[in-house]
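Basis for what follows: all heavy atoms, side chains included, without hydrogens, waters or symmetry-related copies.
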Amino acid sequence: MQHGSRVRPPAAEPNEILYGLRSGLAVFQRRRADIRRIAFQSSVRSEIQELLGWAAGANVPCREESDKELASRSQSSQHEGLVLDVKPRRWLPPKELAAWLVATQGTAVALDRVRNPQNIGAIVRSAAFFGVGAAILGTPAPHPGLPPFALRVAEGGAEHMQFTRTTDLADTLSRLKASRICIIGADSHSAVDPVNLLPRFPAVLVLGNEREGLNPRIKAECDVLVGIAGSGAIESLNVGVAAGVLLAELWRQRARGGVTPPAAPRS
């Protein structure tokens, strides 16, 4: 080191912006230590009294703001009167995900090139409702992660799940298969009815891009492909709706077997 040079302190970890009343309250219930700043509208004060009381005791900055200020802070008009700055969530390495699935006989959902925040949020909400503990976000390039609007649409569901990102979903699924994890692919052209699936657990349900479906490499890794029968008026369902149908069936079959889905791994 040259004489007189100074070591720069590490850059502060950037905050994530999260908005929406249920999403914000779910963060408070599940990982309140990650909350770094709170902004709220007077109209929701009565619904966030516990959050405000905790913030005062924990010295977390908290400020009442106008609708316009909250919209500017969140870059959305759908903030529902609550915007949080939070510590970035921890992304689970694929190896840890595999270990959790095997240890708990759990279920995960994997998204192949699904990037629309509305769809991601809807899938996460359904997944949490049906006891799915984790999600794998896959794409050929780094996935954008969980956009704030996706978290808003998920209505707090994201706080009940862990998330993994991969730039090669087919390879990740192959590694999961090596751990005897069942890979179930959703394919609108499959004649296999999910009612007759009789899945084994642990399992991963893979959902593809709406226009293109599952990548051929990913299809090759699936133990079974399932389809949802309809009237034939249109070719397929919205991916978020399809996820709800298939996850409900997985939940029903698991409950029929007397198995309670495990809780998600905690951050």
Side-chain angles (χ1 to χ4, degrees), residues 12-31 34-41 65 67-94 97 108-129 132-169 172 186 205-212 215 237-244 247 264 267:
E13 191 175 28
N15 292 337
E16 288 185 354
I17 300 297
L18 185 145
Y19 59 85
L21 187 58
R22 288 186 179 84
S23 296
L25 291 177
V27 170
F28 174 55
Q29 293 299 326
R30 301 285 292 185
R31 52 184 182 109
D34 289 350
I35 299 175
R36 292 174 170 174
R37 182 182 297 273
I38 302 166
F40 67 97
Q41 201 167 5
E65 296 185 356
D67 178 78
K68 184 177 180 179
E69 288 174 309
L70 292 174
S72 176
R73 184 186 294 276
S74 64
Q75 297 296 297
S76 173
S77 62
Q78 300 191 43
H79 52 73
E80 294 187 316
L82 182 62
V83 181
L84 305 181
D85 288 21
V86 298
K87 179 181 177 182
R89 70 181 66 243
R90 177 178 179 266
W91 290 78
L92 199 68
L97 171 64
V109 62
L111 307 185
D112 173 24
R113 300 167 294 163
V114 178
R115 302 175 73 95
N116 183 294
Q118 177 84 37
N119 288 335
I120 294 172
I123 292 168
V124 168
R125 183 176 181 177
S126 293
F129 183 83
V132 174
I136 308 167
L137 306 185
T139 183
H143 196 280
L146 291 167
F149 184 60
L151 297 173
R152 156 70 180 81
V153 172
E155 295 281 351
E159 304 311 320
H160 296 269
M161 299 173 64
Q162 285 281 7
F163 295 87
T164 294
R165 279 185 284 200
T166 176
T167 56
D168 190 340
L169 182 57
T172 299
L205 173 66
V206 192
L207 299 146
N209 176 282
E210 284 193 19
R211 291 191 303 273
E212 302 166 0
N215 181 290
L237 289 168
N238 167 272
V239 66
V241 175
L247 291 170
S267 297

Minimal non-hydrogen separation, [X] against [Y], with atom names:
{"X": "Ala134", "Y": "Leu97", "value": "CB-CD1, 3.4 Å"}
{"X": "Ala110", "Y": "Leu169", "value": "CB-CD1, 4.2 Å"}
{"X": "Gly240", "Y": "Ala122", "value": "CA-CB, 4.5 Å"}
{"X": "Pro147", "Y": "Pro117", "value": "CG-CG, 4.0 Å"}
{"X": "Ala26", "Y": "Gly156", "value": "CB-CA, 3.6 Å"}

Inspect the contact between Glu212 and Arg113 and indicate whether a charged nitrogen and a carboxylate oxygen are less than 4.0 angstrom apart. yes
Taking 4.0 angstrom as the limit, do Glu155 and Arg152 come out as a salt bridge? yes
So do [Y] and [X] actually touch side chain to side chain, heavy atoms under 4.5 Å?
{"X": "Tyr19", "Y": "Leu82", "result": "no"}
{"X": "Asp67", "Y": "His79", "result": "yes"}
{"X": "Asp112", "Y": "Leu207", "result": "no"}
{"X": "Leu18", "Y": "Pro148", "result": "no"}
{"X": "Met161", "Y": "Val132", "result": "yes"}
{"X": "Leu146", "Y": "Trp91", "result": "yes"}
{"X": "Val109", "Y": "Leu111", "result": "yes"}

Please identify each residue that fulfils side-chain contact (heavy atoms from CB on, under 4.5 Å) with Ala158, with sequence neighbours left out. Arg89, Val124, Leu151, Phe163
Please walk me through it: do Asn15 and Val86 pass side-chain contact (heavy atoms from CB on, under 4.5 Å)? CA-CA 5 Å; Asn15 292 337; Val86 298; over 6 Å; no
Counting distance only, does the side-chain N/O of [X] pair as donor-acceptor with the main-chain N or O of [Y] below 3.5 Å?
{"X": "Ser72", "Y": "Lys68", "result": "no"}
{"X": "Thr164", "Y": "Leu92", "result": "yes"}
{"X": "Arg30", "Y": "Glu159", "result": "yes"}

How far does CZ of Arg36 sit from CG of Asp85, to the nearest 0.5 angstrom? 9.0 Å
[X]: what forms a side-chain hydrogen bond (donor to acceptor under 3.5 Å, both in side chains) with it, not counting sequence neighbours?
{"X": "Asn119", "value": "Glu210, Asn238"}
{"X": "Gln41", "value": "none"}
{"X": "Thr172", "value": "Thr166"}
{"X": "Arg22", "value": "none"}

Partner residues of Phe149 under the ring pair (Phe, Tyr, Trp, His ring centres under 6.0 Å) criterion, sequence neighbours left out: none
Would Ile123 and Val239 satisfy side-chain contact (heavy atoms from CB on, under 4.5 Å), going step by step from the backbone distance to the final call? CA-CA 8 Å; Ile123 292 168; Val239 66; 4.2 Å; yes
